[in-house]
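A note on names: the letters A, B, ... follow the listed sequences, proteins ahead of strands, and every chain is numbered from 1.
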Amino acid sequence: MEGIKAPRGTRDILGEEVLLWQHLEDVVRKIALLFGYEEVRTPIFEHTELFTRGVGEETDIVQKEMYTFTDKGGRSLTLRPEGTAPVVRAYLEHGFPVHEPRVKWYYIGPMFRYERPQAGRMRQFHQFGFEALGFGEPACDAEVIQLAWTIYQELGLSDLSLEVNSIGCPLCKPQYVAKLREYLMPRRERLCVNCLRRLESNPLRVLDCKVERCQEVFSEEGFPRIHDSLCTLCREHEETLFTLLEDLRIPFVVNHRLVRGLDYYTRTVFEVKVRHLGAQDAIGGGGRYDGLAQAIGGPDIPGVGFAAGMERIVLLLGREAKPTLPFRVYLAPQDAPAERVLLSLSRELAAQGIPFHLDFATKSLKYHLKHAQRMHVRFVVIVGEREREAGVFALKDLTSGEQVSLSLTELVARLRKERELC
RNA sequence: GUGAGCGUAGCUCAACCCGGUUAGAGCACUGGACUGUGGAUCCAGGAGUUGGGGGUUCAAGUCCCCUCGCUCACCCCA
């Protein structure tokens, strides 16, 4: 067929699924407000350089997943693959380091990565995220994790696991990388080709290799743990965070192999996983990125944040109870004059804050009632010749089947009451 | 980028192995039985270039090849 379809890796969100998305967004905004995070909206595309420098040349995102294009002015632009670098760019661009160095922001919106789609992975996907810029304290790491945890709880998600690790800072990370390389080089025959490549380009990433033979190497006695290479400050940071998480009664496990894909992370990294979601089981992750602001040309500003995948969360929400449909009144005119009456009524309902669906007289009453039922609407207002002559509105309750004649004021009062009860 | 599975009506599927007339059914939709009253029942109707192209054959939805798309997995992540 010549019909144009949504491009690969994109999709339409419609029908009842929209209610799930709205619910998720409502919860995110509510919890953000509670924790004092303000919304920031950055462009969907940025200069490519922001991501190559901010996310890291060696990352999968930059090497193979970016939607990069040249605009008519010859600029290289990229559809944002993640939210943190743009937020930090906005922070720097608007001079926050000088006039308000400590901000807590959140965002919700689409991200783009060129990958083969599969369950829970799309080329256009959506994330919400929180970023605390200018905060170097471990308590802020704890707050961000608590924020994430609170949202998942508010959404009623269960079976979640939180993994935490520290990958050090520019002082101690290189020392560990050196140790790691030193340990692995004599054993390189036992590593997969992928790990051999990463050992050169991005050594930390070998840790989360899933090849069993590689993991055997990493599990052996004497394999250097990143934890043992942390400098004093990083170690203190980590210990404080763990204590605070325990205070907050947020269950977590330390995963010494958790490194995460983006180059900008320092110290704390964490990931939230869920069972029963197929291969793509991470529904959120984040960490500290004290080097990011400098990497994209700003001053030395610490930061910590997290991002969550909304498609994956909606998949989980969809398995729970169906969303409750909003209250709505169906307006069913029987003839042209009745359309005028109901059109006027609709203006009154709108003024009173009562949602409605107005259909038109080209359809039979039978159609209207059937249609109203299919829309899960409980109340139908019918106006035909009889009602017009009597100057009333017929209100039918589809649940009980009963029907009453009401004046305009009675009708509005009744509907307001029903809406309250809903 | 690699691998596997799958593409038939708006949706779910049948017919495919083993080629054979006009590709069927349920749901949904529209109308009617019921000329102003839904859910049930019955009847009727619209709807398909069987993803696209090529090949084999007297004959292709069915077999073969190519291509596009979808799905899942690898990779990696959200």
Side-chain angles (χ1 to χ4, degrees), chain A residues 1-11 15 55 58-65 80-84 108-129 148 152 192-195 197-198 202 205 208-211 258-262 269-274 277-286 305-316 330 332-335 338 361-389 394-403:
Chain A
M1 187 175 79
E2 286 162 51
I4 298 168
K5 299 185 201 156
R8 174 162 226 203
T10 70
R11 56 187 223 99
V55 176
E58 296 305 324
T59 58
D60 285 338
I61 287 180
V62 169
Q63 290 197 341
K64 52 186 198 195
E65 295 171 3
R80 63 180 185 195
E82 59 96 49
T84 303
I108 300 180
M111 307 291 163
F112 306 84
R113 293 184 199 172
Y114 189 89
E115 297 184 273
R116 289 281 283 267
Q118 71 185 73
R121 185 165 78 190
M122 300 292 286
R123 290 183 172 181
Q124 173 173 341
F125 61 104
H126 298 77
Q127 290 187 329
F128 63 85
Y152 294 134
C192 69
V193 283
N194 241 323
C195 281
R197 206 192 60 234
R198 283 187 288 215
N202 197 353
R205 294 278 305 287
D208 65 0
C209 180
K210 276 145 199 128
V211 177
L258 180 64
V259 291
R260 301 192 50 79
L262 284 59
V269 293
F270 66 93
E271 205 163 278
V272 180
K273 289 184 182 174
V274 66
L277 204 56
Q280 307 305 324
D281 60 353
I283 60 168
F306 89 98
M310 298 176 74
E311 275 75 5
R312 294 178 187 179
I313 292 174
V314 167
L315 279 173
L316 294 169
Y330 189 107
Q334 295 308 292
D335 50 26
T362 45
K363 293 291 180 184
S364 66
L365 180 58
K366 185 192 181 80
Y367 167 89
H368 287 313
L369 291 173
K370 220 178 203 173
H371 195 50
Q373 187 190 336
R374 200 165 70 85
M375 289 169 71
H376 300 108
V377 166
R378 182 171 167 189
F379 294 99
V380 180
V381 175
I382 302 164
V383 173
E385 204 181 341
R386 297 208 286 263
E387 288 76 16
R388 287 204 326 278
E389 281 171 3
L395 177 68
K396 187 176 176 78
D397 179 342
L398 289 185
T399 307
S400 65
E402 78 183 44
Q403 185 171 321

Can you check the A:Lys363 NZ to B:rG36 P distance for me, whole Å?
16 Å
Rounding to a whole Å, what distance do you find between A:Gln334:CD and B:rU37:P?
9 Å
Tell me if the side-chain of A:Lys396 makes a donor-acceptor pair with the base of B:rU37, cut-off 3.5 Å, by modelled atom types.
yes
Going by modelled atom types, is there a donor-acceptor pair between the base of B:rA78 and the side chain of A:Glu115 at under 3.5 Å?
yes
So, does the side chain of A:Glu387 form a donor-acceptor pair with the base of B:rG36 at under 3.5 Å?
yes
Rounded to whole angstrom units, what separation is found between the CE atom of A:Met122 and the P atom of B:rC70?
9 Å
Using atom names, set out every protein N or O paired with an N or O of nucleotides 42-45 of chain B below 3.5 Å, distance rounded to 0.1 Å.
none

Should the side chain of A:Gln118 and the base of B:rC75 be counted as holding a donor-acceptor pair, with the cut-off at 3.5 Å?
yes
Under 4.0 angstrom, heavy atoms only, what part of the nucleic acid is A:Ala279 near: base, sugar-phosphate, or nothing?
base
Any donor-acceptor pair, under 3.5 Å, between the side chain of A:Arg374 and the base of B:rG39, if you only look at N and O atoms?
no
Determine whether any donor atom in the side chain of A:Arg116 lies under 3.5 Å from an acceptor atom in the base of B:rC72, or the reverse, and answer yes or no.
no
State plainly whether the residues A:Arg123 and A:Glu115 are in salt-bridge range, i.e. N to O under 4.0 Å.
no
Are there runs of at least three consecutive Watson-Crick or G-U pairs touching RNA chain B, with each pair's two distances under 3.5 angstrom? Give them by first number.
B:1-7 with B:68-74, B:10-13 with B:24-27, B:29-33 with B:41-45, B:51-55 with B:63-67
Which of these nucleotides, B:rU71, B:rC77, B:rA73, is closest to any side-chain atom of A:Ala119?
B:rA73
Take the protein atom CZ of A:Arg123 and the nucleotide atom C1' of B:rG1, then report the distance between them rounded to whole Å.
11 Å
Is any side-chain N or O of A:Arg11 closer than 4.0 Å to OP1 or OP2 of B:rC70?
no
Winner on side-chain proximity to A:Lys366, out of B:rG38, B:rG36, B:rA73, is B:rG38
Salt-bridged, A:Arg113 to A:Asp60, with N to O below 4.0 Å?
no
Looking at A:Arg8 and B:rC70, is any side-chain donor or acceptor paired with a base atom of the opposite kind under 3.5 Å?
no
Starting at CZ of A:Phe306 and ending at P of B:rC77, how long is that distance when rounded to a whole Å?
18 Å
